[in-house]
Amino acid sequence: MPSTSPLFHFDDRYARDLPGLYEPWRAAVVPTPSLLILNRALAAELGLDADALTTPEAVDILVGNRVVEGSTPLAMAYAGHQFGGYSPRLGDGRALLLGEIVDAQGHRRDLHLKGSGRTPFARGGDGKAAVGPMLREYVVSEAMHALGIPTTRALAVVATGEEIARDTLLPGAVLVRVAASHLRVGSFEFAAAFDAERGNLDLLRRLADHAIARHAPVAAHAAHPYLALYEHVVAAQAALVARWMLVGFVHGVMNTDNTTISGETIDYGPCAFMDRHDPATVFSSIDRQGRYAYGNQPRILQWNLARLAEALLPLFDENEERAVAAATPVLEGFGARYLAAWQSGMRAKLGLRPETAGTDDDAPDPTESELAATLVDGVPHLLATQQVDHTLFFRRLSGAARGNDAAVRSLFADPDAFDAWAPGWRALLPKTAHERLAVADAMDRVNPIYIPRNQRVEHALAAAAEGRLEPLHALLGAITQPFDERAGLEEYAEPAPAGSDPYRTFCGT
Ligand code: AMP
Ligand code: MG
């Protein structure tokens, strides 16, 4: 029987709305759960008492050992295209949705466990997760959040006290994840196939209505609510992938089951931040073809959104031809949406005025506008050919806006290339020194100095595996205030060591 707890007030709307799209399930009981890390700021956001979450009773709930009233733990069913190939039945193999809580702002958030034991979707997997990868998700998702990028969050990592078998025996852990929801493109693919077998639209319609209520309530009042939902997802995902590109984030495993309906980044597996700018950057050891390389991410996202459209077609129109005709312009609109988001983000990074800035008198003239567009579009090629560190280029460029080129110039393989590029950029900055200083400060507010550099993350995780959590907390201290340069944090702003081997991450751990 579920017990009552004053700590958590769960709801189970997913469970109530979406029978057919989950299996009720319980977490594997773990021997000696202990809290490795707790996100106090997030706890407060959720209206949870952080001190109370550290008690053994609360940790038992967080790890799934104890189920409280209002919570219906379940493993979600979903399908997915993985590396382009369709898998009709993926689902939460090692994860559970505990339920939803309504946060301090009134937003409904999922509380979800990863590493909580085998479920009916586990196939060959052991249902477990190791401490290292769960802390890694904690670090990278919190870095993304601090960068202002929509993402799932990490509330806690709980060590289970078990050893799990990977290449070697590793300590096990459960990640407690918070998300606007865990609906994915793959959820819709599953529902569409489920209904197709039964010759109805029952599950797909319930899922779409649930998604509208949670993520696009205005779509309910549109002339075509399901098409409006689709448009909402296309817009949210175009904006999201633009943010990834601007910050140099490589997701690593952009399968349709890892593409959300909410527009949040989800499933931090083989992800990492790029050091030197290179569109071919791949970190995942299993992505041998480079399908999910940095430079491919926008078009892969659009491909995933095409799979979403296919799943939704029967809701757009009973006539397939008309349904396709309705979906096509929305899907094709992805490119323009992405480009607009990327270009305006890139302008801000470079300290250029937004395209629509100013009053009529003050509006940039057409030539300035064209020059700025050309400059913006040329930046990736410049950085790639000059092997420039992506993060440090933008951060140090503010120094050049203040009149000191040396730091950014030194990042270029051939510093003369910076000298050739800089005058065109400088010509687009304001004319007075006072205004240029204001621009430099604004650049520092959008260009991070501290990102989770691969070597720093590895160092922190290796120490944590030996029971020393201090480097992890120090790293989190740096990356959760990514824009504020602080004395003593120099090591977190260093680029990858020159000549280091390409960084590799391993999936499914
Ligand atoms: P991911 O790459 O984390 O998105 O996972 C892809 C699929 O594999 C999902 O259905 C997961 O639930 C499942 N999966 C990954 N690792 C395990 C594991 N250790 N045990 C069971 N299922 C797993
Ligand atoms: Mg996944």
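Counting convention: from 1, in listed order, for ligands and their atoms alike.
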Q. Of all the atoms in ligand 1, which lie at a distance below 4.0 Å from a heavy atom belonging to Asn258?
A. 4 (O)
(Q) Students often mix this up, so state it plainly: with edges at 30° and 60°, are the rings of His251 and Trp244 parallel, tilted or perpendicular? (A) parallel
Q) So which bit of Arg166 gets within less than 4.0 Å of ligand 1, heavy atoms only: side chain, backbone, both or neither? A) side chain
Q.
Salt bridge check, Arg453 against Glu494: does any charged N sit closer than 4.0 Å to a carboxylate O?
A. no
**Q.** ligand 1 atoms in contact with Leu90 (distance to a heavy atom under 4.0 Å)
**A.** 10 (O)
Q: With heavy atoms of Arg123 as the reference, note each atom of ligand 1 found under 4.0 Å away.
A: 7 (C), 8 (O), 9 (C), 10 (O), 13 (C)
(Q) Do Lys349 and Asn447 have side chains that approach each other closer than 4.5 Å (heavy atoms only, starting at C-beta)? (A) yes
Q: Quick one: list whatever passes side chain to side chain donor-acceptor pair (under 3.5 Å) with Thr151, sequence neighbours left out.
A: Tyr268
Q: Provide the number and element of each atom of ligand 1 under 4.0 Å from a heavy atom of Gly91.
A: 9 (C), 10 (O), 11 (C), 12 (O)
**Q.** Name of the residue among Arg214, His215, Arg109, Glu264 meeting side chain to side chain donor-acceptor pair (under 3.5 Å) with Ser181
**A.** His215
Q. Does an N or O anywhere in Val253 fall below 3.5 Å from an N or O of ligand 1?
A. no
Q.
Test your reading of the structure: does Asp92 have an N or O sitting under 3.5 Å from an N or O of ligand 1?
A. no
(Q) Less than 6.0 angstrom separating the ring centers of His182 and Tyr78, yes or no? (A) no
(Q) Check this for me - ligand 1, Gly127, N or O atoms closer than 3.5 angstrom, yes or no? (A) yes
Q.
Determine whether Arg307 and His81 satisfy the following criterion, side-chain hydrogen bond (donor to acceptor under 3.5 Å, both in side chains), listing intermediate values before the conclusion.
A. CA-CA 8 Å; Arg307 307 288 79 74; His81 279 84; 4.7 Å; no
Show the atom names and distances, to 0.1 Å, of all donor-acceptor pairs under 3.5 Å that link a side chain in residues 57-68 to residues at least two apart or in another chain.
residue: Glu57; atom: OE2; partner: Arg66; partner atom: NH1; Å: 3.2
residue: Asp60; atom: OD1; partner: Asn65; partner atom: ND2; Å: 3.1
residue: Asn65; atom: OD1; partner: Val30; partner atom: N; Å: 3.1
residue: Asn65; atom: ND2; partner: Val30; partner atom: O; Å: 3.4
residue: Arg66; atom: NE; partner: Ser3; partner atom: OG; Å: 3.1
residue: Arg66; atom: NH2; partner: Ser3; partner atom: OG; Å: 2.9

Q) Can you find a non-hydrogen atom of Glu137 under 4.0 Å from ligand 1? A) no
Q: Please indicate whether any nitrogen or oxygen in Arg94 is less than 3.5 Å from any nitrogen or oxygen in ligand 1.
A: yes
(Q) I'd like to know whether ligand 1 has Ala95 as a neighbour, heavy-atom separation below 4.0 Å. (A) no
Q) With the threshold set at 4.0 Å, does a side-chain nitrogen-carboxylate oxygen contact exist between Arg337 and Glu231? A) yes
Q.
Any heavy atom of Arg118 closer to ligand 1 than 4.0 angstrom?
A. no
Q. Got Arg13 and His210 here, is their nearest side-chain heavy-atom distance under 4.5 Å?
A. yes
(Q) Check the orientation of His277 and His390. Use parallel for under 30°, tilted for 30 to 60°, and perpendicular for over 60°. (A) parallel
(Q) Can you tell me which portion of Tyr78 lies within the under-4.0 Å heavy-atom range of ligand 1? Options are side chain, backbone, both, or neither. (A) side chain
Q: Around the Mg ion (ligand 2), list the protein N/O/S atoms within a radius below 2.8 Å, excluding water molecules.
A: Asn258 OD1, Asp267 OD2
Without placing hydrogens or testing angles, list every side-chain donor-acceptor pair under 3.5 Å for residues 461-481, not counting sequence neighbours.
residue: Glu466; atom: OE1; partner: Arg468; partner atom: NH2; Å: 3.3
residue: Thr480; atom: OG1; partner: Leu476; partner atom: O; Å: 2.6

Q) Hey, does Met134 have a side-chain heavy atom less than 4.5 Å from the side chain of Val174? A) no
Q: Give a yes/no verdict on whether any heavy atom in Gly269 is under 4.0 Å from an atom of ligand 1.
A: no
